[in-house]
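Please read the structure below before turning to the comments.
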Amino acid sequence: MTSVSSIPSWNPSPSRALSAAANKADAAPSPAPGPSTIVAIGARQAVVDLAPSPKIWESPLRDGVSEQMTKNFFSQTVGGRFAGLGASLLEQIKGGVRNVSQAVQQSPPRMEPNTYSDIGAMQAASLHGNGEDKVTLSITTKSGVEVKLSLDSQDDGLAVRMSTSGELSEAEAGALGGLAEAFQQAIDGMAEGQPKIKLSGLMQFDQNVLASVNLHAEVKVRTEPQSTQTLDFQADSAQRKVSFKGVAGSLDVKVDASKLNALGSQEQQAKAMSSYMKQIGQAASRGHGDPALMAMFKDAFGALHSNAAAPQDVRGVPAAGKWRLAAEDKAILTGMADFSASVSQTAKSSNSMRLAETDGFNYELSQQTTLAGASQDERSIQQQQQSKLSASFHMPLIPGVPLRLTEAAESQNYTYHQIDDTASSDAQLAYKEGKLVKASLRQTATQSTQVMTYVMGKLQSDTTTPTQHSVQRDLLTQLLPYKTGTTDETVEGRAERHKQDLLTLNDDIMLQSYPGLWISPWQGDALSEAQEANKGAAGA
């Protein structure tokens, strides 16, 4: 008979689960005898050495980054593995460090502590670019110097690297080091159990010193089946974009940074952003979008539109571009940069009896501005905003009762909703011989809701409810600097009234996906206040 008894104080769990005490043994020149297990075979006993193997380092040098790697090595989470490493690596630039390459790996069993050799260094260095979890950041300065940073992690190893292609000026080093915490925030967001997009800090990069910022992150989702969540971010003078792919779904946001002359004031941009966020929130409620995925979509959308300003000339005055836009022109524009944005939720078949009834959510939002014409006096302006929602989901017949759909008829009591909504806003201006001759606004919004009701697995009803809203406005009289019959007003009074008219008009040009409709956060159905009132009256 064979029996095995372990010494209670020894923890034989693998690499990430090793205790801090094992880490101390790595630095000891003459380690004490490791823990053992007594194995009894018949009448004989043998002591088997189960001491944890030491770590192999790529470089024998020890700095702040190496110390942080030592602290993080035995963490069991991606966030713990990368904790503080991104910031520590980028902050080295402030101290004059331009190139760093360090890796640490758990050595094979039975190796001597503090092992460092060419073979061991090469083995540890092979981790660079090959981690199961990885983050890379590439920043290019206006002078053309490229700085690359990378972090890699796998079960038995951790690696970091930073390289600089040329000399950095003091201003460049300061701008790069200033992004240390922003870089770490982006890493921490992706490393969370439920990932988050935290790019607002990176978007604050000094555009007078740095030309571009690029981030790529891959995080392995250790579930069954395993998958990988990826994030890509790019910001330069031409465009800003974010794409994410994960378990819940995917999203893409692109902002055109090549033509910012149509940008409005910060107040106007903030007002437009608030309106767009409202549109996104309404779509998420109506289509039952995944809350975490929609939060990421909002964060990405908001981040890419931050730190945007109209180009300046050498005197610090806003540049005119091809034309200098008048106050009337800006009144029919949102004030935000053009963009395209989409989010798609991973479709699921939650009803095993009817697999074709999938739960899904797809939403698109965009803005496009066109400035045309042969000259300043013959210019035309058009701005189009569009949104589209396609969604489907199951709901219980009795609100609040959990829905558990199985192949049993008793569970098949539910409603299946299919949503198809579109909205658009089209504002246009035209000048002839320097005079405003055309100003119009056309807005449309349509909604279609199909609801199929099942009782005991049998279809009881199938209804489709369409709604439509459309408005066409001539804005010419509102945009003219004065109106007839106001001769008693002072010049200052007319100017102030005209300014207020333009502000009021600007409130109306924003996309209205659900004009006059109330969006229920519980059922996702759009109902007008009048419909709600009629329902109440009918029940009285």
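Note: hydrogens, waters and symmetry copies are ignored here, and every other heavy atom, side chains too, is used.
- Between the side chain of Glu132 and the backbone N or O of Ser153 there is no donor-acceptor pair closer than 3.5 Å.
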Let me see the working for Lys220 and Gln226 under side-chain hydrogen bond (donor to acceptor under 3.5 Å, both in side chains), right down to the final yes or no.
-> CA-CA 7 Å; Lys220 187 175 181 179; Gln226 293 188 350; 2.8 Å; yes
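- Nearest heavy atom pair, residue Thr346 against residue Gly246, reads OG1-O, 4.3 Å.
- Considering CD of Gln102 and CG of Leu61, their distance stands at 7.5 Å, rounded to 0.5 Å.
- Note: Phe393 and His417 have parallel aromatic rings, judged against thresholds of 30 and 60 degrees for the angle between ring planes.
- A salt bridge links Glu192 with Lys198; the closest basic N to acidic carboxylate O contact falls under 4.0 Å.
- In this structure the side chain of Leu231 reaches within 4.5 angstrom of the side chain of Val242, judged on heavy atoms.
- Going from atom CG of Leu127 over to atom CG of Leu158 covers 8.0 Å, rounded to the nearest 0.5 Å.
- Considering all non-hydrogen atoms of both residues, Ser350 and Leu405 come closest at O-CB, 3.8 Å.
- Among all heavy-atom pairs drawn from Asn307 and Arg240, the shortest one is O-NH2, 2.9 Å.
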For Gln269 and His305, run side chain to side chain contact (heavy atoms under 4.5 Å, CB included): C-alpha distance rounded to whole Å, both residues' side-chain angles, the deciding distance at 0.1 Å, then the answer.
-> CA-CA 9 Å; Gln269 291 183 53; His305 282 283; over 6 Å; no
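- A heavy-atom distance below 4.5 Å is not found between the side chains of Leu149 and Val160.
- In this structure, Ile197 and Leu251 have side chains that are in contact, with non-hydrogen atoms separated by less than 4.5 Å.
- Salt bridge Asp421/Arg286: present, at least one basic N to carboxylate O contact under 4.0 Å.
- At a cut-off of 3.5 Å, with distance as the only test, a side-chain donor of Asp359 or His394 sits close to an acceptor on the other residue.
- Applying the 6.0 Å contact sphere to CD of Gln266 captures no more than 12 heavy atoms from other residues, nucleotides or ligands.
- Side-chain atoms of Asp290 and Phe361, non-hydrogen and from C-beta on, never get closer than 4.5 Å to each other.
- Between Tyr454 and Tyr414, the angle of the ring planes stays under 30°, which puts this pair in the parallel group of the 30/60° scheme.
- Within 6.0 Å of atom CG in Leu459, more than 12 heavy atoms from other residues, nucleotides or ligands are found, so the atom counts as buried in its surroundings.
- Residues Ser275 and Leu511 form no side-chain contact, since every pair of their non-hydrogen atoms from C-beta on lies 4.5 Å or further apart.
- For the atom pair CD of Gln368 and CD of Gln386, the computed distance is 9.5 Å after rounding to the nearest 0.5 Å.
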Between Gln234 and Asp232, does a side-chain hydrogen bond (donor to acceptor under 3.5 Å, both in side chains) hold up when you go through it step by step?
-> CA-CA 7 Å; Gln234 175 185 337; Asp232 284 283; over 6 Å; no
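- A side-chain donor-acceptor contact under 3.5 Å links Arg62 to the backbone of Pro60.
- Side-chain atoms of Ser306 come within 3.5 Å of backbone N or O of Ala303 as a donor-acceptor pair.
- Within the 3.5 Å criterion, the main-chain N or O of Gln279 finds no donor-acceptor partner in the side chain of Ser513.
- Atoms OG1 and CG, from Thr415 and Leu397 in turn, are 6.0 Å apart once rounded to the nearest 0.5 Å.
- The closest side-chain heavy-atom distance from Gln229 to Lys245 is not below 4.5 Å.
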Check step by step if side chain to side chain contact (heavy atoms under 4.5 Å, CB included) holds for Tyr363 and Gln345.
-> CA-CA 9 Å; Tyr363 180 64; Gln345 193 170 307; over 6 Å; no
Starting from the C-alpha separation in whole Å, work towards a yes-or-no answer on side-chain hydrogen bond (donor to acceptor under 3.5 Å, both in side chains) for Thr141 and Glu172.
-> CA-CA 7 Å; Thr141 69; Glu172 290 171 338; 3.2 Å; yes
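- Between the side chain of Ser150 and the backbone N or O of Thr136 there is no donor-acceptor pair closer than 3.5 Å.
- Interatomic distance, CG of Leu89 versus CD of Gln68, reported as 11.0 Å (0.5 Å rounding).
- Of all heavy-atom pairs between Ala341 and Phe297, the closest is CB-CZ, 3.7 Å.
- When atom types are taken as modelled, the side chain of Gln184 and the backbone of Ala87 share a donor-acceptor pair closer than 3.5 angstrom.
- Taking 4.5 Å as the limit, every side-chain heavy atom of Lys134 sits out of range of all side-chain heavy atoms of Leu151.
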Would you sort out whether Glu364 and Asn362 count as a side-chain hydrogen bond (donor to acceptor under 3.5 Å, both in side chains), showing the intermediate values?
-> CA-CA 7 Å; Glu364 300 174 6; Asn362 296 277; over 6 Å; no
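- Between the side chains of Asn351 and Gln412, at least one donor N or O sits under 3.5 Å from an acceptor N or O.
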List the steps and the verdict of side chain to side chain contact (heavy atoms under 4.5 Å, CB included) for Val145 and Thr164.
-> CA-CA 7 Å; Val145 179; Thr164 307; 3.7 Å; yes
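- Between the side chain of Arg98 and the backbone N or O of Val147 there is no donor-acceptor pair closer than 3.5 Å.
- Under the 3.5 Å distance criterion, with hydrogens and angles disregarded, a donor-acceptor pair is assigned to the side chains of Thr446 and Thr422.
- Note that the CZ atom of Phe339 and the OG atom of Ser366 stand 6.5 Å from one another [nearest 0.5 Å].
- Within the 4.5 Å cutoff, the side chain of Lys241 has no heavy atoms near those of the Asp252 side chain.
- Pairing each heavy atom of Asp236 with each of Ser212, the nearest pair is CB-CB, 3.7 Å.
- Panel note: side chain Tyr416, backbone Thr358; a donor-acceptor pair is recorded below 3.5 Å.
- Within 6.0 Å of atom NZ in Lys142, more than 12 heavy atoms from other residues, nucleotides or ligands are found, so the atom counts as buried in its surroundings.
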Applying side chain to side chain contact (heavy atoms under 4.5 Å, CB included), run through Asp299 and Leu199 and close with a yes or a no.
-> CA-CA 8 Å; Asp299 288 342; Leu199 298 172; over 6 Å; no
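- No option in Gln367, Gln383, Gln384, Gln385 other than Gln367 meets the side-chain hydrogen bond (donor to acceptor under 3.5 Å, both in side chains) test with Asp338.
- Across all non-hydrogen atoms, the minimal contact from Thr230 to Met190 is C-CE, 4.1 Å.
- Within 6.0 Å of the NZ atom in Lys259, the count of heavy atoms belonging to other residues, nucleotides or ligands exceeds 12.
- Counted by atom type alone, Thr444 and Ser424 present one or more donor-acceptor pairs between their side chains at under 3.5 Å.
- Between the side chain of Asp256 and the backbone N or O of Ala337 there is no donor-acceptor pair closer than 3.5 Å.
- Between the Glu58 side chain and the Ala103 main chain, a donor and an acceptor come within less than 3.5 Å of each other.
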